[in-house]
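In this chain, residues are counted from 1 in sequence order. None of the values given here were measured: they were computed from a predicted structure.
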Amino acid sequence: GNERTQRLPELKATLWAAVQPPEAAVQLLTAIRGKIEQFGYSPDRVLFELFQNADDAAVQHPPPEPARFRLDVSDGSLRVLHWGRQINHPGADAERGHREGWHHDLFNMLLMNLSDKREGVTGRFGLGFKSVHLLSAGVGIASGFVACRVRGGMLPEVWDEQYIELGALDFVQAGRRATVIDVPVEPDREADAAKAVAAFRQAARWLPAMSRHLRTVELTGAEPRIWTAGFVES
């Protein structure tokens, strides 16, 4: 009721204070990881989930050509970039974006309720994104006006300085800034991250042909590659 609504800021502040100790954030993340695994998500699916999110974003707000997905791989870190609809952006048709709930992207990405019964792309987007927490305890999200690090799998912290240091402001294609998902891999999950990259690399040759809009997949790092697909009308 109204009383609970009025108390919401107070309850949020209480929750935030409760998870400030490192051990509390670890416990929260552990609980969220358990939920993610209950829904059948595994580390080797993480990059496919992020690719699907990027393809959805490219359909919702077509990016400058070429429509591409980029995966940067380095020691202890993964980073995904795309140039489709930015997080919380209404897309090309603002009325449709509001109707679809796209202005609530970040809320869905951080929401504790992991129900997979939500309808529409936004629900799948929020659920699939959470799989990144299987690899990282401090995922960074940089997209449009959104720039945050996620603590405990659900609590955003401002990421302004690190965002600039990352160089996300420089990832511009034809005037549009990239959406950047930065995944610092925990030391005890490096083997899982390697499996995720290997699985993605194995399937990458087919992804541009099977996606709805993304036609270029780029891999940077020790073994850089580019996969593309084109279609000819008969």
Side-chain angles (χ1 to χ4, degrees), residues 5-33 35-36 46 49-50 53-54 57 60-61 70-72 74 76-91 97-98 101-114 122 125-173 175-187 189 193:
T5 301
Q6 292 172 359
R7 291 192 59 207
L8 193 56
E10 174 192 343
L11 295 173
K12 287 181 178 179
T14 302
L15 174 62
W16 183 254
V19 299
Q20 285 309 300
E23 61 272 16
V26 169
Q27 291 175 3
L28 181 58
L29 180 59
T30 298
I32 287 179
R33 281 175 172 166
K35 277 291 202 180
I36 294 168
V46 170
E49 294 296 334
L50 295 181
N53 293 344
Q60 295 160 356
H61 194 192
R70 176 171 144 187
L71 171 63
D72 295 342
S74 59
S77 178
L78 303 176
R79 184 170 59 196
V80 161
L81 300 93
H82 72 78
W83 286 261
R85 185 178 66 82
Q86 296 174 327
I87 293 170
N88 285 357
H89 191 283
H98 185 79
W102 293 341
H103 54 302
H104 293 312
D105 282 336
L106 186 61
F107 177 77
N108 286 314
M109 293 165 74
L110 302 176
L111 189 64
M112 184 92 173
N113 177 10
L114 294 176
T122 300
F125 176 49
L127 181 58
F129 170 80
K130 292 180 182 67
S131 64
V132 298
H133 301 308
L134 295 176
L135 298 177
S136 178
V139 177
I141 304 169
S143 182
F145 294 107
V146 173
C148 65
R149 283 265 183 212
V150 184
R151 279 172 51 87
M154 66 175 293
L155 299 167
E157 287 186 334
V158 176
W159 192 31
D160 287 342
E161 292 182 8
Q162 295 91 335
Y163 175 49
I164 294 172
E165 290 171 5
L166 173 70
L169 296 177
D170 298 327
F171 295 130
V172 179
Q173 181 176 324
R176 187 181 299 186
R177 289 179 182 172
T179 288
V180 181
I181 306 298
D182 185 55
V183 186
V185 179
E186 292 179 74
R189 294 180 179 258

Take Arg33 and Leu134 through the test side-chain contact (heavy atoms from CB on, under 4.5 Å) and record every step on the way to the result.
CA-CA 6 Å; Arg33 281 175 172 166; Leu134 295 176; 4.1 Å; yes
Given Ile87, which of Asn53, Asp105, Asn108 fulfils the side-chain contact (heavy atoms from CB on, under 4.5 Å) condition?
Asp105
Can you tell me which residue among His89, Gln86, Gln60 is in a side-chain contact (heavy atoms from CB on, under 4.5 Å) with Trp102?
Gln60
Counting distance only, does the side-chain N/O of [X] pair as donor-acceptor with the main-chain N or O of [Y] below 3.5 Å?
| X | Y | result |
| --- | --- | --- |
| Arg189 | Ala193 | no |
| Ser77 | Pro184 | no |
| Arg79 | Asp72 | no |
| Gln27 | Gly152 | no |

How long is the span from the [atom1] atom in [X] to the [atom2] atom in [Y], to the nearest 0.5 Å?
| X | Y | atom1 | atom2 | value |
| --- | --- | --- | --- | --- |
| Ile36 | Glu49 | CD1 | CD | 10.5 Å |
| Thr179 | Leu50 | OG1 | CG | 11.5 Å |
| Leu81 | Gln173 | CG | CD | 10.5 Å |
| Cys148 | Leu106 | SG | CG | 5.0 Å |
| Ile32 | Lys130 | CD1 | NZ | 8.5 Å |

Which heavy-atom pair separates [X] from [Y] by the least distance, and what is that distance?
| X | Y | answer |
| --- | --- | --- |
| Ser131 | Gly128 | OG-O, 2.8 Å |
| Ala25 | Arg151 | CB-NH2, 3.9 Å |
| His82 | Ala57 | CE1-CB, 3.5 Å |

Quick one, His133 with Phe129, criterion side-chain contact (heavy atoms from CB on, under 4.5 Å). Give me CA distance, side-chain angles, the key distance, then yes/no.
CA-CA 8 Å; His133 301 308; Phe129 170 80; 4.2 Å; yes
Using side-chain contact (heavy atoms from CB on, under 4.5 Å), reason through Ser136 and Val183 one step at a time and then give a plain yes or no.
CA-CA 6 Å; Ser136 178; Val183 186; 3.6 Å; yes
Any side-chain heavy atom of [X] within less than 4.5 Å of one from [Y]?
| X | Y | answer |
| --- | --- | --- |
| Ile141 | Met109 | yes |
| Val180 | Phe171 | yes |
| Val139 | Asp182 | no |
| Leu155 | Leu28 | yes |

Ion pair present between Arg149 and Glu157, side-chain N to carboxylate O less than 4.0 angstrom?
no
